[in-house]
Structures are given as C-alpha cells and as structure tokens.
S.K.: 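Provided herewith is a single structure, encoded as structure tokens, for subsequent inquiry.
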Amino acid sequence: MKAVLVAVTVLAGALSPAAVRAQMPASQVVRENPAIRVAVLTFTPGGATGRHQRIEAEIGLVIEGELTVESPMGRQTLRPGSVYWMPGLTPHD
C-alpha cells in the first residue's frame, strides 16, 4: 500500500497547536510567511492526525494515494486530484 501525499495550505495567520495528534504524517514546509503556509504531508498507510482544529482555514490537495477526511460536514474519501476546504475552527481528522 502506498503512502498518501497531501499538499496542505493554511491561510491567513500564525499556526495554532493541534488539540490531539495520533500517528502524525511527515511534513515538509515548502513556503511559509505571515499570510500562508504550504506543506507537503506524507501519511503512512492507516496514519492519521487525530481530531484537531486550527484558527485559520485549510486547503488540501491529494497528490497520491487515498485520504479520508472526517469533520462535522461528514466523512469523505479523497483520491489523487481531489481537493478539500476546511473552514477555520472546524474540528477534523
């Protein structure tokens, strides 16, 4: 089973700590300044971040593999080329 590569962009503001972390993905920051943070996350099969939320909004793009995102808006499985938007202060995993 392949690892999942996800590019995540956090918009507008400083990063806030996550509430809970479980099997954190490897993260490589590609760009960071006061307005935006772009990172590439690599999840191991079965890996997860744990339920957390950030103050700022988050946009994710699945590059390779499959990713399941759970939030109050439901559960969705994303495949390569899929994009998700997570409003700020929305708990998700």
Side-chain angles (χ1 to χ4, degrees):
M1 184 173 223
K2 288 185 175 180
V4 177
L5 292 177
V6 179
V8 175
T9 303
V10 177
L11 304 172
L15 300 174
S16 60
V20 178
R21 303 230 184 230
Q23 300 176 356
M24 288 302 296
S27 177
Q28 177 186 2
V29 176
V30 178
R31 176 81 173 161
E32 186 168 16
N33 61 43
I36 193 169
R37 179 177 189 262
V38 178
V40 175
L41 305 179
T42 303
F43 290 83
T44 58
T49 58
R51 196 153 185 85
H52 64 283
Q53 64 186 27
R54 299 187 178 280
I55 292 173
E56 57 281 319
E58 178 179 308
I59 299 171
L61 166 65
V62 178
I63 299 168
E64 181 179 295
E66 189 174 273
L67 180 72
T68 300
V69 178
E70 295 182 13
S71 74
M73 295 170 275
R75 180 181 182 155
Q76 61 185 124
T77 299
L78 306 170
R79 291 175 178 73
S82 297
V83 176
Y84 71 88
W85 160 262
M86 194 63 58
L89 298 176
T90 302
H92 61 284
D93 184 7

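Side chains included, hydrogens not; waters and symmetry mates left out as well; all remaining heavy atoms used. None of the values given here were measured: they were computed from a predicted structure.
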S.K.: Can you hop from Trp85 to Val83 via hydrophobic side chains spaced under 4.5 Å?
M.R.: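 Yes: a chain of side-chain contacts under 4.5 Å links Trp85 to Val83.
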
S.K.: Are Ser27 and Leu41 packed together at the side-chain level, in the sense that at least one heavy-atom pair is separated by less than 4.5 angstrom?
M.R.: yes

S.K.: Could you walk me through whether Val62 and Tyr84 pass the side-chain contact (heavy atoms from CB on, under 4.5 Å) test, one step at a time?
M.R.: CA-CA 9 Å; Val62 178; Tyr84 71 88; 5.5 Å; no

S.K.: Quick one: CD1 on Ile36 to CD on Glu56, what's the gap to the nearest 0.5 Å?
M.R.: 11.0 Å

S.K.: Can you name the nearest heavy-atom pair linking Gln53 to Thr90, along with the distance?
M.R.: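 Closest heavy-atom pair between Gln53 and Thr90: CB-O, 3.6 Å.
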
S.K.: Taking the side chain as every heavy atom from C-beta outward, state whether Leu89 and Ile55 have any atom pair closer than 4.5 Å.
M.R.: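 Yes - at least one pair of side-chain heavy atoms lies under 4.5 Å apart.
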
S.K.: Roughly how far, to the nearest 0.5 Å, is CD of Glu58 from NE2 of His92?
M.R.: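 His92 NE2 to Glu58 CD: 4.0 Å, rounded to 0.5 Å.
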
S.K.: Indicate every side-chain donor-acceptor pair of residues 72-82 with a distance under 3.5 Å to a residue at least two apart or in another chain.
M.R.:
| residue | atom | partner | partner atom | Å |
| --- | --- | --- | --- | --- |
| Arg75 | NH1 | Glu70 | OE2 | 3.3 |
| Arg79 | NE | Glu66 | OE1 | 3.4 |
| Arg79 | NH2 | Glu66 | OE1 | 3.4 |
| Ser82 | OG | Arg79 | N | 3.2 |
| Ser82 | OG | Arg79 | O | 2.9 |

